[in-house]
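Take a look at the structure below.
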Amino acid sequence: MARPVPYIDPNRPVPKRRPLKAWRHMQNLIADKEDTAQVFHIIQALNGDSARRDLIKFTQSPNYQTLRERKAFLPDILDDHAPLKALPKGTVGRTYVDFMEREGLTAHGLVNESLEQREADQEFDDDLLWYVNRLRDTHDMYHILTGYGRDALGEASLLGFTHSQHGGMGISFIAYMGARQIAKEAPREARVKAALAEGRRNGKKAKRLIELDIESILDRPLDDVRAELNIPKPVIYKETLQVFMEHSQDPLLVAA
């Protein structure tokens, strides 16, 4: 059976890498780690054609054709909290909604922020836009499936995981620089670089999360889904968080 061919608008240019622009935005992000708009700029400046390559890889997935034809808008599903809160504790959907409400997040919030930063050459209505949006819209679900928190080290480690799954120089650069900044403030015994390396390894070992039918796993036990996807536990990351807490350092404030 022939592999499906994704439609990429022929007028869409291949993004050029702009390392100096990426560096400027990285300095802004270091100055204010909550300024997540800088993340989108860095990715745009460094990722090149990695999303195209990753989309082609996605076409080999058994779920690709179904997901492409459905093109469900995940933020609408994930921001409908009532059905998710009705699920039993320990399921993917219940864990996700508890996490999002605890953190004060919405799936649409990330959408709105990305649209504000998106450049004109990203607005082509094709399968690549759908795929890039899907990568964006599953980010917080990756937190749930991998076990990485929203503290600075958790975000850096999750980006390491994400880079191993999808590539992209921008993602890798943010992960590296994030860990580098955290290490400057960390207690000597905190294994910050090892935690990032663990995230990268875990991403290589796990099945590709982007190929999941997210709607179909919401009512399933999270532990079962993690086992099925071969997602290792973030052991070093958890140990490193414990070191921060033993030194009375709030992991959420490190590298702030």
Side-chain angles (χ1 to χ4, degrees), residues 26 28-40 42-43 74-75 78-79 81 84-85 92-114 117 135-166 170-186 190-196 198-200 202-203 206 209-210 214 222 225-226 231-245 247-256:
M26 176 56 70
N28 294 338
L29 183 60
I30 289 172
D32 179 7
K33 75 180 182 68
E34 295 300 326
D35 185 6
T36 53
Q38 305 304 321
V39 171
F40 295 106
I42 295 166
I43 291 172
L74 289 174
L78 297 175
D79 278 348
H81 285 188
L84 299 179
K85 293 175 77 169
V92 174
R94 177 65 179 273
T95 307
Y96 173 85
V97 73
D98 288 347
F99 169 83
M100 296 296 280
E101 292 192 349
R102 183 172 65 250
E103 298 293 334
L105 301 173
T106 66
H108 277 88
L110 193 57
V111 172
N112 295 335
E113 189 164 8
S114 73
Q117 308 306 324
L135 287 168
R136 173 199 65 199
D137 298 340
T138 51
H139 173 76
D140 288 316
M141 183 58 72
Y142 275 36
H143 275 290
I144 300 307
L145 295 174
T146 62
Y148 289 110
R150 289 191 68 243
D151 56 277
L153 182 59
E155 291 288 4
S157 300
L158 180 58
L159 289 176
F161 182 103
T162 303
H163 176 256
S164 291
Q165 295 236 321
H166 306 297
I171 296 292
S172 185
F173 179 55
I174 297 168
Y176 168 78
M177 290 296 292
R180 182 170 176 265
Q181 289 298 119
I182 297 165
K184 291 180 180 179
E185 305 175 29
R191 302 172 64 195
V192 173
K193 293 180 180 178
L196 173 57
E198 178 186 54
R200 294 185 188 278
N202 288 358
L209 307 190
I210 197 66
I214 298 296
L222 176 57
V225 173
R226 285 173 172 168
I231 301 175
K233 293 181 179 180
V235 177
I236 298 175
Y237 162 68
K238 295 288 188 182
E239 292 174 348
T240 306
L241 288 189
Q242 185 61 37
V243 170
F244 280 120
M245 288 185 281
H247 285 75
S248 301
Q249 286 184 263
D250 186 343
L252 287 171
L253 301 179
V254 171

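Quick note: numbers below take in every heavy atom, side chains included, and nothing from hydrogens, waters or symmetry partners.
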Going through the checks in order, is the side-chain contact (heavy atoms from CB on, under 4.5 Å) test met by Leu110 and Asp137? CA-CA 8 Å; Leu110 193 57; Asp137 298 340; 6.0 Å; no

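- Note that CE of Met177 is 4.0 Å distant from CD1 of Ile30, once rounded to the nearest 0.5 Å.
- Judged by distance alone, the side chains of Glu113 and Thr36 do bring a donor and an acceptor atom under 3.5 Å apart.
- Scanning both residues, Ala175 and Gly160, for their nearest heavy atoms gives CB-N, 3.9 Å.
- Residues that satisfy the ring pair (Phe, Tyr, Trp, His ring centres under 6.0 Å) test with His81, not counting sequence neighbours, are absent from this structure.
- Within a 6.0 Å radius of CZ in Arg226, other residues, nucleotides and ligands contribute more than 12 heavy atoms.
- Ser114 and Val111 get closest at one heavy-atom pair: OG-O, 2.8 Å.
- With a 4.5 Å cut-off on side-chain heavy atoms, Leu105 and Arg150 count as touching.
- Nearest heavy atom pair, residue Ala179 against residue Val192, reads O-CG1, 3.4 Å.
- With sequence neighbours excluded, the residues forming a salt bridge (charged side-chain N to carboxylate O under 4.0 Å, His left out) with Lys85 are Glu101, listed by chain and number.
- In this view, His143 and Phe99, His139 satisfy the ring pair (Phe, Tyr, Trp, His ring centres under 6.0 Å) rule, not counting sequence neighbours.
- Rounded to the nearest 0.5 angstrom, Ile182 CD1 and Leu196 CG are separated by 8.5 Å.
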Does the pair Arg94 and Leu84 meet the rule for a side-chain contact (heavy atoms from CB on, under 4.5 Å), with working shown? CA-CA 5 Å; Arg94 177 65 179 273; Leu84 299 179; over 6 Å; no

Does Leu78 form a side-chain contact (heavy atoms from CB on, under 4.5 Å) with Thr106? I'd like the steps, not just the answer. CA-CA 8 Å; Leu78 297 175; Thr106 66; over 6 Å; no

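- Distance check: Ile144 CD1 to Tyr96 OH gives 8.0 Å after rounding to the nearest 0.5 Å.
- Side-chain contact between Ile214 and Met141 is present, with at least one heavy-atom pair separated by less than 4.5 Å.
- When side chains are defined from C-beta on, Glu198 does not count as touching Ser157, because their heavy atoms never get closer than 4.5 Å.
- Residues Asp98 and Arg102 are not paired through a salt bridge, judged by the lack of any N-O separation under 4.0 Å between the basic side chain and the carboxylate.
- Listed for the Asp79 side chain is a donor-acceptor partner under 3.5 Å among the backbone atoms of Ala107.
- Distance check: Ile171 CD1 to Leu135 CG gives 8.5 Å after rounding to the nearest 0.5 Å.
- Using modelled atom types, one side-chain atom of Gln165 and one backbone atom of Gly203 make a donor-acceptor pair closer than 3.5 Å.
- Residues forming a ring pair (Phe, Tyr, Trp, His ring centres under 6.0 Å) with Tyr176 (at least two apart in sequence, or on another chain): none.
- Within the 4.5 Å cutoff, side-chain heavy atoms of Leu209 are placed close to those of Thr146.
- Interatomic distance, CG of Leu74 versus CZ of Arg136, reported as 9.5 Å (0.5 Å rounding).
- Side-chain contact between Met26 and Gln38 is absent, with no heavy-atom pair separated by less than 4.5 Å.
- Looking at residues two or more places apart in sequence or on another chain, you find a ring pair (Phe, Tyr, Trp, His ring centres under 6.0 Å) between Tyr148 and Tyr237.
- Legend: residues meeting salt bridge (charged side-chain N to carboxylate O under 4.0 Å, His left out) with Arg200, ordered by chain and number and at least two apart, are absent.
- Expressed to the nearest 0.5 Å, how far NE2 of His247 lies from CD of Gln242 amounts to 11.5 Å.
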Go through Leu29 and Ile42 one step at a time and tell me if the side-chain contact (heavy atoms from CB on, under 4.5 Å) criterion holds. CA-CA 10 Å; Leu29 183 60; Ile42 295 166; 4.2 Å; yes

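- Between Leu222 and Leu145 the shortest side-chain heavy-atom distance falls below 4.5 Å.
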